[in-house]
Amino acid sequence: KVDDPFRYGILTEEEDDILRGIKQMKHDQCLEMNCRGGPMFFPHLRAKEKKASDGQLEDLRKKYSSWTSSSRYKACIGDRNKTTLTQDVHMLSLELCAGEEGMSRALANVGFTTTTLDNDYKRSATSKLSLEELESRIVNGSILHHPHMNKTFSVVWNAPDCTTWSIAQNGRYRNKDFVDGFHNRALNAHAQQARRDIESLVNILSYYKARNPNLVMVIENPVGYLWHH
């Protein structure tokens with residue numbers, strides 16, 4: 001047996017898609033769904049799932065419409081976390097979800113002092129934190145004691161994981177009808193984590209923007225469903 005034949009080049013991409021579908025059907029059956037394959041294959045169950053999904057999106061719309069009133073957002077932009085601009089911030093950059101740190105290397109080549117963050121311990125990032133962990137440090141004030149993240153940056157480059165948002169996934173995690181993910185599917189946990197990462201990113205950028213009103217912020221993301229969320 002080969003746990004992941006596609007990884008070893010045994011299956012074509014089309015065959016791999018079929019295999020993933022079979023695995024999903026097996027998962028749905030294990031969850032004692034009404035049918036194998038889940039609601040995407042049956043109109044009446046699809047409608048039921050769509051109603052639940054729309055309800056979730058409406059809850060998110062209400063949440064986002066009052067975002068600036070939330071306690072976490074207020075903590076991120078509050079006076080406790082602000083510092084006086086006493087340092088030259090014109091050539092300080094931060095790259096979040098840095099991966100191989102390509103943007104930081106480019107900025108360093110033109111004179112920037114760079115800081116990087118990634119939660120993959122195999123990477124060489126300056127700080128090994130997730131976006132949620134960085135947000136929590138900002139909210140509780142411990143960011144002011146962090147040796148690398150307690151800086152007033154001039155550029156913050158962000159490259160959050162685009163896997164679940166990308167149209168290249170062919171609807172594996174979400175589509176326009178279910179832009180927040182398929183709630184009955186095994187991969188929904190990844191879709192929800194991706195959304196939480198974006199929510200954390202909003203507060204993180206608000207924090208650094210409060211420290212430097214002239215901050216340049218860039219979010220790197222391919223054309224996909226994040227634009228519709």
Side-chain angles (χ1 to χ4, degrees), residues 20 24 27-28 31 33-34 37-78 81 94 96-97 99 117-119 129-141 143 156-210 215 217-229:
R20 291 177 188 274
Q24 184 64 63
H27 173 80
D28 291 342
L31 290 179
M33 303 277 305
N34 293 330
M40 299 304 102
F41 292 93
F42 295 85
H44 69 290
L45 291 176
R46 176 184 172 85
K48 181 179 179 181
E49 176 76 1
K50 186 67 167 64
K51 183 177 180 180
S53 177
D54 288 346
Q56 174 72 9
L57 285 177
E58 182 59 31
D59 290 341
L60 288 174
R61 290 189 188 99
K62 292 178 181 178
K63 176 181 179 180
Y64 296 154
S65 66
S66 59
W67 188 266
T68 55
S69 300
S70 67
S71 59
R72 293 185 75 82
Y73 176 83
K74 288 182 176 179
C76 288
I77 65 169
N81 284 331
L94 169 63
L96 300 175
C97 307
L117 177 143
D118 201 282
N119 66 346
L129 295 171
S130 68
L131 292 176
E132 287 184 287
E133 289 169 334
L134 176 58
E135 180 198 17
S136 293
R137 293 195 179 210
I138 293 172
V139 170
N140 64 31
I143 188 72
V156 178
W157 187 277
N158 315 270
D161 187 2
C162 64
T163 302
T164 76
W165 303 103
S166 175
I167 59 176
Q169 292 296 324
N170 297 316
R172 194 168 290 166
Y173 296 91
R174 61 181 96 231
N175 59 30
K176 280 189 176 181
D177 291 330
F178 297 88
V179 73
D180 197 45
F182 305 112
H183 294 179
N184 71 313
R185 294 300 178 97
L187 295 176
N188 185 52
H190 299 288
Q192 297 305 305
Q193 181 60 56
R195 173 174 56 77
R196 288 193 296 271
D197 284 344
I198 297 300
E199 292 174 352
S200 294
L201 184 58
V202 170
N203 283 342
I204 292 167
L205 293 178
S206 298
Y207 166 68
Y208 286 113
K209 181 72 172 179
L215 177 69
M217 301 177 290
V218 180
I219 298 179
E220 175 188 329
N221 211 267
V223 176
Y225 299 114
L226 180 57
W227 293 22
H228 302 280
H229 195 283

Side-chain donor-acceptor pair present, Y207, E135, cut-off under 3.5 Å: no

Minimum heavy-atom distance between F178 and E49, given as atom pair plus value: CE2-CG, 3.4 Å

Main-chain N/O of S130 paired with E133 side-chain donor or acceptor, under 3.5 Å: yes

Steps toward side-chain contact (heavy atoms from CB on, under 4.5 Å) verdict (Q193, H190): CA-CA 5 Å; Q193 181 60 56; H190 299 288; 5.8 Å; no

Test item: R174 and T164 side chains (from C-beta on) under 4.5 Å apart, heavy atoms: yes

side-chain contact (heavy atoms from CB on, under 4.5 Å) between C97 and L117, worked out: CA-CA 6 Å; C97 307; L117 177 143; 5.5 Å; no

For the student: nearest non-hydrogen atoms of F182 and G171, plus distance: CE1-O, 3.1 Å

L60 side, atom CG; W67 side, atom CH2 - distance, nearest 0.5 Å: 9.5 Å

Heavy-atom donor-acceptor pair, N158 side chain to V218 backbone, under 3.5 Å: yes

Student check: side-chain heavy atoms of D54 and E58 closer than 4.5 Å: no

K50 backbone acceptor or donor facing S53 side chain under 3.5 Å: no

Evaluation steps, side-chain contact (heavy atoms from CB on, under 4.5 Å), between L134 and S200: CA-CA 8 Å; L134 176 58; S200 294; over 6 Å; no

Where D197 and L131 come nearest, the two heavy atoms and their spacing: O-CD1, 3.6 Å

Between OH on residue Y173 and CG on residue N188, distance to nearest 0.5 Å: 11.5 Å

Which atom of P160 lies closest to which atom of L201, heavy atoms considered: CG-CD2, 4.1 Å

R137 side-chain N/O to I143 backbone N/O, donor-acceptor pair under 3.5 Å: no

Distance-only polar pair, side chains of N203 and E199, donor-acceptor under 3.5 Å: no

Over all atoms of both residues, closest heavy-atom pair of R72 and S136: NH2-OG, 3.5 Å

Separation between CD1 of I198 and CG of D161, rounded to the nearest 0.5 Å: 9.0 Å

Flag, side chain of S166 to backbone of T163, donor-acceptor distance under 3.5 Å: no

Separation of K176 NZ from I167 CD1 (nearest 0.5 Å): 9.0 Å

M217 CE to L96 CG distance, which is reported to the nearest 0.5 Å: 11.5 Å

Under 3.5 Å: donor-acceptor pair, side chain of S70, backbone of S66: no

